[in-house]
Amino acid sequence: MRLYQGVDFFLFFEDFPCMGVPGFIGANADGTSSIYINTLYCEKKQNETLRHELRHLALGHLWRDDMELPDKEWEAEQFWAPDVRIADDFSYVELTNSHTTQCG
């Protein structure tokens, strides 16, 4: 399933109060998601963080109660894994095959 920026998820680039968190994703009441990226970090780190958060979205982590947070974080860090496709301009993200968790 392909999820589109501006339809299924929204991006917000903001100065956070500090550099403790590079970004996060949250579910909205209408079924969409919002991704917040901390602009206090360099552009490279912002892009890495955005890719990480988009992987959470594509892998359905916001709605999975069968996984612990450390497992979700580990899975979202697997940038080399071919199971998630992210557009170069971040306009969409999609799960590219039947994904099964490798941990737990």
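One-based numbering along the sequence shown. Being a predicted model, the structure only gives us computed values, none of them experimental.
Val7 and Trp63 sit in two unconnected hydrophobic clusters of ILVMFWY residues. Membership requires side-chain heavy atoms under 4.5 Å apart, directly or through other members. Following chains of ILVMFWY side-chain contacts shorter than 4.5 Å, one cannot reach Tyr92 starting from Leu11, and the two form parts of different hydrophobic clusters. Under the 4.5 Å side-chain heavy-atom criterion for Ile, Leu, Val, Met, Phe, Trp and Tyr, Phe12 and Ile25 are members of distinct hydrophobic clusters. Under a hydrophobic-cluster definition in which Ile, Leu, Val, Met, Phe, Trp and Tyr are linked whenever side-chain heavy atoms come within less than 4.5 Å, directly or via other members, Tyr41 and Ile37 are assigned to different clusters. Cluster membership for Ile86 and Tyr36, using ILVMFWY side-chain heavy atoms within less than 4.5 angstrom, is not shared.
Under the 4.5 Å side-chain criterion, counting only non-hydrogen atoms from C-beta, His61 is in contact with Glu75. Between Leu57 and Leu3 there is a side-chain heavy-atom pair separated by less than 4.5 Å. At least one side-chain heavy atom of Phe9 sits less than 4.5 Å from a side-chain heavy atom of Leu54. Contact of the Asp83 side chain with the Arg55 side chain is registered, since non-hydrogen atoms from C-beta on lie closer than 4.5 Å. Taking the side chain as every heavy atom from C-beta outward, Leu50 and Phe90 approach each other to under 4.5 Å. Counting only heavy atoms from C-beta outward, the side chains of Phe10 and Thr32 approach each other to under 4.5 Å. With a 4.5 Å cut-off on side-chain heavy atoms, Gln46 and Phe13 count as touching. Side-chain contact between Phe16 and Phe24 is present, with heavy atoms from C-beta onward closer than 4.5 Å.
Cys18 approaches Asn38 most closely through the heavy-atom pair O-ND2, 2.9 Å. In terms of heavy atoms, Val84 sits closest to Ala58 at CG1-CB, 3.8 Å. Residues Thr49 and Pro22 come closest through the heavy atom pair OG1-CB, 3.4 Å.
The backbone N or O of Tyr4 sits less than 3.5 Å from a side-chain atom of Asp8, completing a donor-acceptor pair. Side chain of Lys45 to main chain of Leu40: no donor-acceptor pair is present (N/O by atom type, distance under 3.5 Å, no hydrogens or angles).
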Apply the test side chain to side chain contact (heavy atoms under 4.5 Å, CB included) to residues Leu62 and Ser33: give CA-CA distance (whole Å), side-chain angles for both, the deciding distance (0.1 Å), then the verdict. CA-CA 9 Å; Leu62 294 174; Ser33 300; 3.4 Å; yes
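Residues passing the side chain to side chain donor-acceptor pair (under 3.5 Å) test with Asp15, sequence neighbours excluded: Thr39. Judged as a side chain to side chain donor-acceptor pair (under 3.5 Å), and not counting sequence neighbours, the contacts of Glu73 are His52, His56.
If you check the side chains of Ser34 and Asn28, you find a donor sitting under 3.5 Å from an acceptor.
Sorted by first and then second residue, the salt bridge (Lys or Arg N to Asp or Glu O under 4.0 Å) pairs involving residues 84-94 (not counting sequence neighbours) are Arg2-Glu94, Arg85-Glu94.
Within 6.0 Å of atom CE in Met19, more than 12 heavy atoms from other residues, nucleotides or ligands are found, so the atom counts as buried in its surroundings.
For the atom pair CH2 (Trp74) and CE (Met67), the distance works out to 8.5 Å, reported to the nearest 0.5 Å.
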